[in-house]
Amino acid sequence: MLAAHTTPTAADTPVPEFAPTEVRAQGLGPDSLLWDHLGDLRGLLTIFRIGLLQNMHPAVSRALEQHSGDVFLKNPWNRLLRSLPPILGVIYGPDPGAIGRRVRDYHVNIKGHLATGEAYHSLSPDLFFWTHATFVEGVISMTARFGKPLTEREQEQLYQESIEWYRRYGLSMRPVPPDYASFKRYWDGMLDTLVPTPITDHAIKLRETPPPFESIPKPVWRLLDPMVTGFSQWLARGTLPETARAKLGMKWSRFDEVLLRMFCTVVRVSFRLLPKEWRYLPMVREWRAQRAQADKVARAE
């Protein structure tokens, strides 16, 4: 969350930096790579990984402890899954700029002090951009592992689209790298500064969790939980950058790697068999259908 050349302690300023509220909405519609990939069902395979990377930043971990700790500790899957709809809405929603600013405003009062005494604010641009960066890198990593890897040109295009995505939150653009090559240097620099935190320690030691939603019967979840939680931890271990995996003390064997490659192959093959619109999360399918209908009406007029 802090720039690559600083240490990830507190946000560089406790005062949020808001950009003008005008939001450009062009460029992220059905013709964009983000529209095609962000709401992909396979993104669920990366959610535990993204959560670990975000919370290896001490300020993110501290903010979660101090402001959502009870919720996360009691029901981590609910906390993770509830964070997805507003983030996806910044791309697919009917008024993405308004959703982006609403996401930003959720964080206005999320501030405090690290154990070292340093102040943090979740709307510090460096801090907020790190959480955004994990989703951007997550999309690129997801396509490389579980689908058709993006070409260099497509990676650059997706990154440029992600800049517009970030702009919709209405924060300072100061920490945003101008191109994908710069973003990769930023990413590598951040990986060097991340550390294990109380939240990451808790996450990798999870063994039993409650149902993420009340609609799931508890007996059913008891059967699913070992597979969902244990498998997600294993998948995160295998797909985390090696630097992060080593810092978290996670072991990864050659046998694990063989199993992971087999699983990735199964996902790639089976995913191609799904009808296109069924390749997306339910809320995203709905948003995509609404946009398609609106575009159809507009063309008819």
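Note: hydrogens, waters and symmetry copies are ignored here, and every other heavy atom, side chains too, is used.
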Self-check item: Non-neighbouring partners of His37 that pass ring pair (Phe, Tyr, Trp, His ring centres under 6.0 Å), sequence neighbours left out
Solution: none
Exercise. May I ask you to test the Val284-Leu41 pair for a side-chain heavy-atom distance under 4.5 Å?
Key: no
Exercise. Take Gln157 and Gln160 through the test side chain to side chain contact (heavy atoms under 4.5 Å, CB included) and record every step on the way to the result.
Key: CA-CA 5 Å; Gln157 178 185 335; Gln160 291 299 323; 5.8 Å; no
Quiz prompt | Trp77 CH2 to Ser232 OG distance, which is reported to the nearest 0.5 Å | solution = 3.5 Å
Exercise. Measure the CZ-CD distance between Arg245 and Glu242 for me, rounded to the nearest 0.5 Å.
Key: 5.5 Å
Exercise. Determine, using the 4.5 Å side-chain heavy-atom cutoff (strictly less than), whether Met227 and Leu45 are members of one ILVMFWY cluster.
Key: no
Quiz item: Hey, what do you get for CD1 (Ile50) to OG1 (Thr46), rounding to the nearest 0.5 Å?
Solution: 3.5 Å
Practice problem: Could you check Thr229 against Trp234 for side chain to side chain contact (heavy atoms under 4.5 Å, CB included), going step by step and ending with a plain yes or no? | Solution: CA-CA 9 Å; Thr229 302; Trp234 176 81; over 6 Å; no
Practice problem: Find out whether Pro96 and Leu28 are in side-chain contact, i.e. whether some heavy atom of one side chain is under 4.5 Å from a heavy atom of the other. | Solution: no
Exercise. For Asp36, check side chain to side chain donor-acceptor pair (under 3.5 Å) against everything at least two apart and list the hits.
Key: Lys276, Tyr280
Exercise. Sorted by first residue and then second, give each side chain to side chain donor-acceptor pair (under 3.5 Å) pair with at least one member in residues 78-89; sequence neighbours left out.
Key: Asn78-Arg82
Quiz item: Taking the side chain as C-beta and beyond, is there a heavy-atom pair between Asn75 and Thr209 under 4.5 Å?
Solution: no
Quiz item: Which residues satisfy the side chain to side chain contact (heavy atoms under 4.5 Å, CB included) test with His113, sequence neighbours excluded?
Solution: Ala119
Quiz item: Transitively linked via ILVMFWY side-chain contacts under 4.5 Å: Leu191 with Trp252?
Solution: no
Quiz item: For Arg291 and Asp295, what are the C-alpha separation, side-chain angles and deciding distance, and is it a salt bridge (charged side-chain N to carboxylate O under 4.0 Å, His left out)?
Solution: CA-CA 6 Å; Arg291 175 60 181 268; Asp295 290 348; 3.1 Å; yes
Quiz item: When clusters are formed by joining ILVMFWY residues with side-chain heavy atoms under 4.5 Å apart, either directly or through shared neighbours, do Ile110 and Phe128 land in the same one?
Solution: no
Exercise. Could you check if a side-chain atom of Val195 sits within less than 4.5 angstrom of a side-chain atom of Pro58, using non-hydrogen atoms only?
Key: yes
Quiz prompt | Under the ring pair (Phe, Tyr, Trp, His ring centres under 6.0 Å) test, residues paired with Phe263 that sit two or more places apart | solution = Phe231
Quiz item: Are Leu171 and Arg104 close enough, and set up right, to give a side chain to side chain contact (heavy atoms under 4.5 Å, CB included), and what steps lead you there?
Solution: CA-CA 8 Å; Leu171 289 170; Arg104 177 197 69 191; 4.1 Å; yes
Quiz item: What pair of heavy atoms forms the shortest contact from Val103 to Pro86, and how long is it?
Solution: CG2-CB, 3.6 Å
Quiz item: Roughly how far apart are Ile199 CD1 and His57 NE2, rounded to 0.5 Å?
Solution: 14.5 Å
Quiz item: When the ring centroid of Trp187 is compared with that of Trp130, is the distance short of 6.0 Å?
Solution: yes
Quiz item: For residues 207-231, which residue pairs qualify under salt bridge (charged side-chain N to carboxylate O under 4.0 Å, His left out), counting only residues two or more places apart or in two chains?
Solution: none
Practice problem: Could you tell me whether a side-chain N or O of Gln233 sits under 3.5 Å from a main-chain N or O of Ala203, the two making a donor and an acceptor? | Solution: yes
Self-check item: salt_bridge(Arg101, Asp105) N-O dist < 4.0 Å
Solution: no
Quiz item: Mind checking whether Ile91 and Leu44 sit in one hydrophobic cluster, side chains of I, L, V, M, F, W, Y counted as touching below 4.5 Å?
Solution: yes
Quiz item: Side-chain contact, heavy-atom cut-off 4.5 Å: Glu154 with Thr151?
Solution: yes
Exercise. Look at the rings of Trp165 and His132 and say which category their plane angle falls in: under 30° parallel, 30 to 60° tilted, over 60° perpendicular.
Key: perpendicular
Exercise. Kindly write out the residues that satisfy ring pair (Phe, Tyr, Trp, His ring centres under 6.0 Å) with Trp278, not counting sequence neighbours, or none if the list is empty.
Key: none
Practice problem: Could I get the full list of side chain to side chain donor-acceptor pair (under 3.5 Å) partners for Glu137, not counting sequence neighbours? | Solution: Arg49
Self-check item: Minimum-distance pair of heavy atoms, taken over all atoms of Pro196 and Met56
Solution: N-CE, 4.4 Å
Quiz item: If you round to the nearest 0.5 Å, how far is CD1 of Ile99 from CZ of Arg168?
Solution: 9.5 Å
Exercise. Write down the atom of Gly100, the atom of Tyr169, and the distance for their closest heavy-atom approach.
Key: O-CD2, 3.4 Å
Which donor-acceptor pairs under 3.5 Å do the side chains of residues 142-150 make with protein atoms, sequence neighbours left out?
from	atom 1	to	atom 2	distance (Å)
Thr143	OG1	Val139	O	3.4
Thr143	OG1	Ile140	O	2.8
Arg145	NH2	Gly238	O	3.3

Quiz item: Shortest non-hydrogen contact from Ala63 to Tyr120?
Solution: CA-OH, 3.4 Å
Quiz prompt | 4.5 Å side-chain heavy-atom contact, Pro210 and Lys74 | solution = no
Exercise. Give every residue pair that meets the salt bridge (charged side-chain N to carboxylate O under 4.0 Å, His left out) criterion with at least one member in residues 246-272, sequence neighbours excluded.
Key: Glu257-Arg261
Quiz item: Of the non-hydrogen atoms in Ala59 and Leu127, which two are nearest, and what is the gap between them?
Solution: CB-CD1, 3.5 Å
Quiz item: Got a salt bridge between Glu156 and Arg153, using NZ or NE/NH1/NH2 to carboxylate O under 4.0 Å?
Solution: no
Quiz item: Tyr166 and Ile163: side chain to side chain contact (heavy atoms under 4.5 Å, CB included), yes or no, with the steps?
Solution: CA-CA 5 Å; Tyr166 184 73; Ile163 294 177; 5.8 Å; no
Quiz item: For Asp179, which residues count as a side chain to side chain donor-acceptor pair (under 3.5 Å) partner, sequence neighbours excluded?
Solution: Ser182
Practice problem: Decide yes or no for Ile47 and Leu81: does some side-chain heavy atom of the first lie under 4.5 Å from some side-chain heavy atom of the second? | Solution: yes
Quiz item: Do Val176 and Phe183 touch side chain to side chain, with heavy atoms closer than 4.5 Å?
Solution: no
Exercise. Kindly write out the residues that satisfy side chain to side chain donor-acceptor pair (under 3.5 Å) with Thr134, not counting sequence neighbours, or none if the list is empty.
Key: Gln54
Practice problem: Determine whether the aromatic ring centres of Trp287 and Trp35 lie less than 6.0 Å apart. | Solution: no
Quiz item: For the atom pair CD (Gln155) and OG (Ser162), what is the distance rounded to the nearest 0.5 Å?
Solution: 12.0 Å
Quiz item: Does Arg288 count as lying over the ring of Tyr92, i.e. NZ or CZ under 6.0 Å from the six-ring centre, within 45 degrees of the axis?
Solution: no
Quiz item: Where is the tightest heavy-atom contact between Ala244 and Leu53, given as atom of each residue plus distance?
Solution: CB-CD2, 4.0 Å
Quiz item: Are Val228 and Leu52 joined in one hydrophobic group, where the rule is that I, L, V, M, F, W and Y side chains link up if heavy atoms are under 4.5 Å apart?
Solution: yes
